[in-house]
There are 2 protein chains.
Amino acid sequence: MSAAHNTGERILDAAAELFAVHGYAGTTTRAIAEAAGVNEVTLFRRFENKVGILRALGTRIQQQQAGFAAAAAPDSESVRETLLRLARMEIEATMAGGALAIRLAFDAKSVPEVAELLGEGIPNNAAGLAEFLAEHQATGELRADIDPNVMAEAFFGLTSSYVMYRIVMGVAPMPADVSTDDGIAQLFDLFWSGAATQKERV
Amino acid sequence: MSAAHNTGERILDAAAELFAVHGYAGTTTRAIAEAAGVNEVTLFRRFENKVGILRALGTRIQQQQAGFAAAAAPDSESVRETLLRLARMEIEATMAGGALAIRLAFDAKSVPEVAELLGEGIPNNAAGLAEFLAEHQATGELRADIDPNVMAEAFFGLTSSYVMYRIVMGVAPMPADVSTDDGIAQLFDLFWSGAATQKERV
DNA sequence: CTAGACTGCAAGTAGGCACTTACACGCACC
DNA sequence: GGTGCGTGTAAGTGCCTACTTGCAGTCTAG
């Protein structure tokens, strides 16, 4: 513990893990310090508050989300490929974060500080996808008889519930390899068969 | 407050609402008592513990779930009709409960008591649906190339995410009428188009 | 080798928490 | 009219929590 270089990061890592499992209210600063292998006092010296830790964690998540949004489709990709890739990215990111985002999304209702941080991130993501979907409804690749917002909701419902189920049901937190998990492929296939127009299916 | 008749129920109602919003750890017994319009001491006289309240709430939820499971398909109904009805029931039940079940599902990870109570409810529900789906895969009404468990997951993902989104995004907790909400119909239609075999699709 | 930044350790504070105790009031039933 | 039962009120207990203070050690930079 002598090196000063990564103390802050270790604290945030520990906090993220604990918040994801126990929620914000259910996590004690002592537990964070212990998990980080750091003295509790150090917590308050680096981050002013318990909320300060959360705040720092929030900006971290925001950066990750930004990265996700930035991953626009390369032109060579089909809509189907883009969406599947997005689904895997979403799931991987969420699971890697120990479902922090989902958990905090709930806490946001009661801890105003969290609400501010998570801010418009989730709705914005959904709106962004809806826009993308609407474009491809216009080109006839996706069904036009379903509201793009509903379609986006279904998409995120698919990915978030994949993660939720594995948390709630206590399954292994991370399958061997998300990028090749057949379950995701099937789940996505179901979504795609429902979302695409007839000629685009299969 | 003189009448003794419904004190226990009022306490449970208040607790359910608060647990749903603040989580178990984030809810104080004082807050429950206040919301129920009851003295805090009464809480401990009726239910031994804070956990006791949760326990009582758990059996309540279990009964609701039981009611859901019992609603087997009348013979006259098509698979599609049955699933749509199930979806609406699921959503209505979950939203009526203020998303208590979803919230507690998360707390279950950290509060062992909750885990026991919620117990196998959710997995069982999923398994039951998977069985139902498998039967209709056999008759050729549903696609056989998707694992029935994956299909069940998609179904519950659809319903639970409908509720989640409305919580997370702070939308009105209950649309005017769930049983006629067009959003659900579209969401379900997307699922159905993905799950049914070609000849069954509309 | 000195200065400063970073950390650990021991002890403590004030407040909030779940939960308790003791007493008094009102109501129903016999 | 007395006996319970259910409830309210007041006060308090001990524990845990976020957070603080003071001091000492260690590493790095100049």
Side-chain angles (χ1 to χ4, degrees), chain A residues 1-58 103-104 107-108 110-117, chain B residues 1-58 103-104 107-108 110-117:
Chain A
M1 313 305 144
S2 53
H5 55 295
N6 64 345
T7 311
E9 287 302 311
R10 285 217 319 280
I11 292 174
L12 288 184
D13 287 342
E17 201 165 327
L18 289 169
F19 285 164
V21 178
H22 301 95
Y24 177 75
T27 301
T28 69
T29 54
R30 193 162 309 169
I32 297 173
E34 213 162 302
V38 147
N39 195 283
E40 192 182 354
V41 189
T42 304
L43 245 67
F44 293 100
R45 283 198 270 239
R46 306 283 297 210
F47 313 91
E48 192 177 3
N49 280 340
K50 185 184 177 184
V51 175
I53 300 175
L54 185 62
R55 210 188 313 270
L57 217 46
R103 180 87 219 211
L104 290 188
D107 284 343
S110 50
V111 186
E113 300 275 354
V114 186
E116 284 175 35
L117 287 172
Chain B
M1 314 301 145
S2 55
H5 57 296
N6 62 344
T7 311
E9 287 303 310
R10 284 216 320 280
I11 293 174
L12 289 183
D13 287 341
E17 202 164 326
L18 289 169
F19 285 163
V21 177
H22 302 94
Y24 177 74
T27 301
T28 68
T29 52
R30 193 162 309 171
I32 297 174
E34 213 162 303
V38 146
N39 196 282
E40 193 183 353
V41 190
T42 304
L43 245 68
F44 295 99
R45 284 199 269 238
R46 305 284 296 210
F47 313 91
E48 193 176 2
N49 279 339
K50 185 183 178 185
V51 175
I53 300 175
L54 185 61
R55 210 189 312 271
L57 218 46
R103 180 86 220 213
L104 290 189
D107 285 342
S110 50
V111 185
E113 300 274 353
V114 186
E116 285 175 35
L117 285 172

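Keep in mind that the numbers below use all heavy atoms, side chains included, and drop hydrogens, waters and symmetry copies.
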Rounded distance (Å) that lies between atom [atom2] of [N] and atom [atom1] of [X]:
X        : N       : atom1 : atom2 : value
Glu40(B) : dT20(C) : CD    : C1'   : 11 Å
Lys50(B) : dC15(D) : NZ    : P     : 19 Å
Arg30(A) : dC16(D) : CZ    : C1'   : 7 Å
Glu9(B)  : dG6(D)  : CD    : P     : 15 Å
Glu48(B) : dT20(C) : CD    : P     : 8 Å
Phe44(B) : dC19(C) : CZ    : P     : 5 Å
Phe47(B) : dC19(C) : CZ    : P     : 13 Å
Leu54(B) : dA18(C) : CG    : C1'   : 15 Å

TODO: Report yes if the side chains of Arg55(A) and Phe47(A) come closer than 4.5 Å at any heavy-atom pair, otherwise no.
DONE: no

Task: Earlier contact from the 5' end, DNA chain D, for Val41(A) and Asn39(B) - done: Asn39(B)

- [ ] Consider the side chain of Arg45(B), meaning its heavy atoms from C-beta on, and name the nucleotide among dT7(C), dA18(D), dT7(D) that approaches it most closely.
- [x] dT7(D)

Open item on the list: Once rounded to the nearest 0.5 Å, what's the spacing between atom CD of Glu34(B) and atom CG of Leu43(B)?
Closed with: 11.5 Å

Please tell me if [X] has a side-chain N or O lying less than 4.0 Å from either OP1 or OP2 of [N].
X        : N       : value
Asn49(B) : dC19(C) : yes
Thr7(A)  : dT7(C)  : yes
Thr42(A) : dT7(C)  : no

TODO: Locate the shortest heavy-atom distance separating Leu12(A) from Leu57(A); write the atom from each residue and the value.
DONE: O-CD1, 3.6 Å

Open item on the list: Show the nearest heavy-atom pair for residues Ala33(B) and Glu40(B), with the distance to one decimal.
Closed with: CB-CA, 3.5 Å

